[in-house]
Amino acid sequence: MTSLDDLLTPALVLDRARLERNLAAMTARMAGHGVALRPHMKTAKSAEVARRAVAWSVGGITVSSVAEATYFAAEGFRDITYAVGMVAAKMAPLAALMRGGVRITLLTDDLGGVATLDEAAGALGVCPELLIEIDTGLGRAGLAPDAPDIVTLGQAIENAPNLALAGVLTHAGHSYHCAGPKGIRAVAEAERAGLVEAAGALAAVGLPCPVVSAGSTPTATFAERLDGVTEMRPGNYVFYDLDQVGIGSCAVDDVAVSVLASVIGHNRARGTVLIDAGALALSKDISAGEFFDDAGYGWVFDAECTSRVGGAWVAEVHQEHGIVTGPGGAPAPFAALPVGSRVRVLPNHSCITCAMYPSYHLVVGSGAIVGEWPRINGW
Ligand code: PLP
């Protein structure tokens with residue numbers, strides 16, 4: 001198979017040139033700040049992408065599922081942070097990786113769970129390192145930067161015979177609701193300052209805190225200073241998406257992934273064009289709608305992904321159908337989208353859209369396929 005024309009649609013396409021440009025830019029940005037880049041593989045879930053993302057940096061990687069940890073360990077990665085709150089029931093598969101020589105760093109904000117984690121680790125013959133999760137404004141998980149419980153939790157981890165304290169971690173995911181550099185810079189500074197405050201509380205009572213880990217794609221992109229932070233964990237930057245275009249983290253032609261779809265019908269009465277990429281191919285994520293009135297479920301580009309077709313967008317999705325309309329409620333551009341032709345849809349949220357596919361079809365510029373890279377989905 002040599003061309004996109006040969007692919008069954010819908011299919012996930014990755015532009016290797018854009019990917020490499022995104023990786024190089026973030027690597028240079030982190031090097032400029034003097035912090036390690038520990039890319040979050042929740043977006044790409046691909047060893048081929050991960051190898052390229054860490055090739056020029058000193059850090060390991062971050063993952064969001066036990067399946068990812070297992071896959072990346074099998075692919076040779078030896079320093080993995082599992083950045084989702086840990087519970088004892090997940091210890092066995094991760095302990096197997098640790099016993100095989102992989103450093104797996106875990107995350108908690110739960111004092112009540114320390115004894116259970118310690119017991120599970122002891123029973124499995126491992127002594128994992130734990131990061132304390134800090135909430136610097138997202139409001140999802142973590143202790144407030146000035147919470148006295150940070151020290152109490154740190155002491156409990158250090159006193160547990162089968163656990164070790166690695167430091168603190170935060171994720172400023174609320175940067176996703178900023179439009180433009182000014183707001184993101186403020187969130188990035190709150191992320192940095194809150195995390196450094198938490199690290200300082202541990203250090204003040206003599207507890208170890210070698211890891212001070214922050215990061216989201218917007219804050220990694222716009223942070224003005226990162227002093228006190230040891231590593232950043234952006235993940236979405238490898239591919240970007242329409243949401244990141246709206247936030248201001250990237251330009252449209254930095255978006256490296258798209259969904260190849262076929263035009264399967266014209267509904268002249270409604271003024272819509274049907275494509276074979278619906279909810280299962282694009283996801284129902286509408287995050288970019290916060291920034292663009294015409295985001296819908298994605299922007300419709302030509303088959304080469306070089307220009308948007310008459311301002312068209314996917315306005316509605318059914319399981320296997322996407323319903324394309326024109327700008328401002330105008331009819332879809334029928335002449336530019338004959339039945340049987342192909343389009344590339346730029347996703348709202350690449351992390352979610354990519355999770356629908358087992359692999360990436362690689363292109364460099366035009367329609368020639370230069371490879372296929374598998375992904376690890378599931379948990
Ligand atoms: N760290 C954690 C804990 C996350 O949950 C995420 C994303 O959800 C990231 C890092 C990466 O952030 P982004 O997707 O903005 O690159």
Side-chain angles (χ1 to χ4, degrees), residues 19 22-23 25-27 29-30 35-46 49-50 53-54 57 59-66 68-69 80-86 104-109 130-143 166-179 183-184 187-188 191-192 194-195 198 211-223 226 229-250 254-257 283 285 287-288 290 347-355 379:
L19 167 74
N22 297 343
L23 298 181
M26 188 59 81
T27 301
R29 202 173 286 122
M30 293 303 102
V35 304
L37 174 60
R38 182 182 285 275
H40 203 318
M41 283 301 133
K42 65 184 279 292
T43 308
K45 298 187 187 244
S46 149
V49 174
V54 300
S57 77
I61 60 168
T62 312
V63 300
S64 62
S65 69
V66 172
E68 279 172 67
I80 299 174
T81 296
Y82 173 44
V84 171
M86 181 62 184
I104 308 276
T105 305
L106 306 174
L107 183 63
T108 190
D109 62 1
L130 274 167
L131 293 164
I132 298 176
E133 185 161 13
I134 308 298
D135 181 4
T136 51
L138 173 59
R140 180 174 71 183
L143 302 173
V168 286
L169 175 148
T170 194
H171 165 61
H174 51 309
S175 60
Y176 275 64
H177 303 294
C178 301
I184 301 170
V187 171
E191 179 183 42
R192 186 202 70 81
L195 192 64
V211 178
V212 182
S213 179
S216 67
T217 288
T219 56
T221 302
F222 289 108
L226 289 173
V229 171
T230 62
E231 64 176 32
M232 292 292 277
R233 306 179 320 281
N236 179 280
Y237 76 99
V238 300
F239 299 156
Y240 291 120
D241 49 33
L242 286 186
D243 200 25
Q244 297 289 347
V245 174
I247 293 165
S249 306
C250 67
D254 294 325
V255 179
V257 284
S283 89
D285 192 299
S287 49
E290 192 173 337
N348 273 325
H349 191 172
S350 58
C351 314
I352 311 291
T353 299
C354 292
W379 296 269

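Order of appearance sets the numbers: ligands from 1, and atoms from 1 within every ligand. Below, all heavy atoms of this structure are taken into account, side chains as well, without hydrogens, waters or symmetry copies. Note that the structure is a prediction, hence the values are computed from the model and not measured.
Heavy-atom proximity to G235, at under 4.0 Å, picks out these atoms of ligand 1: 11 (C), 13 (P), 16 (O). Ligand 1 places these atoms under 4.0 Å from at least one heavy atom of A83: 3 (C). Those atoms of ligand 1 that come under 4.0 Å of a heavy atom in P234, given as number and element, are 16 (O).
Of the candidates H174, E191, R192, H171, E191 is the only one forming a side-chain hydrogen bond (donor to acceptor under 3.5 Å, both in side chains) with T219.
Nearest-residue assignment for atom 9 (C) of ligand 1 (options E133, H40, M41, R38; heavy-atom criterion): H40.
Contact analysis leaves G173 out of contact with ligand 1, as no non-hydrogen atom separation drops below 4.0 angstrom.
Closest to atom 8 (O) of ligand 1, if we only count protein heavy atoms, is K42 CE, 3.2 Å. Of the protein's non-hydrogen atoms, R140 NH2, 2.9 Å is the one closest to atom 5 (O) of ligand 1. Nearest to atom 6 (C) of ligand 1 among the protein's heavy atoms is H171 CE1, 3.3 Å. Of the protein's heavy atoms, R233 O, 3.3 Å lies nearest to atom 11 (C) of ligand 1. Nearest protein heavy-atom contact of atom 13 (P) of ligand 1 is Y176 OH, 3.3 Å.
At a 3.5 angstrom cut-off on N or O pairs, Q244 does not count as close to ligand 1. Between N236 and ligand 1, at least one N/O pair is under 3.5 Å apart.
R38 places no side-chain N or O within 3.5 Å of a backbone atom of M232 that could act as its donor or acceptor partner. Of the possible polar contacts, one joining the T217 side chain to the N236 backbone as a donor-acceptor pair under 3.5 Å is found. Side-chain N or O atoms of D135 include none that pairs as donor or acceptor with a backbone N or O of G142 at under 3.5 Å. Of the possible polar contacts, one joining the S350 side chain to the Y240 backbone as a donor-acceptor pair under 3.5 Å is found. A distance-only check finds no donor-acceptor pair linking the side chain of R29 to the backbone of A220 [under 3.5 Å]. Distance alone, capped at 3.5 Å, is enough to place a donor-acceptor pair between the N348 side chain and the D285 backbone.
Two residues are said to be in side-chain contact when any heavy atoms from C-beta on lie closer than 4.5 Å; L23 and Y237 meet this criterion.
At a heavy-atom cutoff of 4.0 Å, ligand 1 is contacted by no atom of H349, backbone or side chain.
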Checklist entry - Taking it one step at a time, do T221 and I184 satisfy side chain to side chain contact (heavy atoms under 4.5 Å, CB included)? => result CA-CA 9 Å; T221 302; I184 301 170; over 6 Å; no
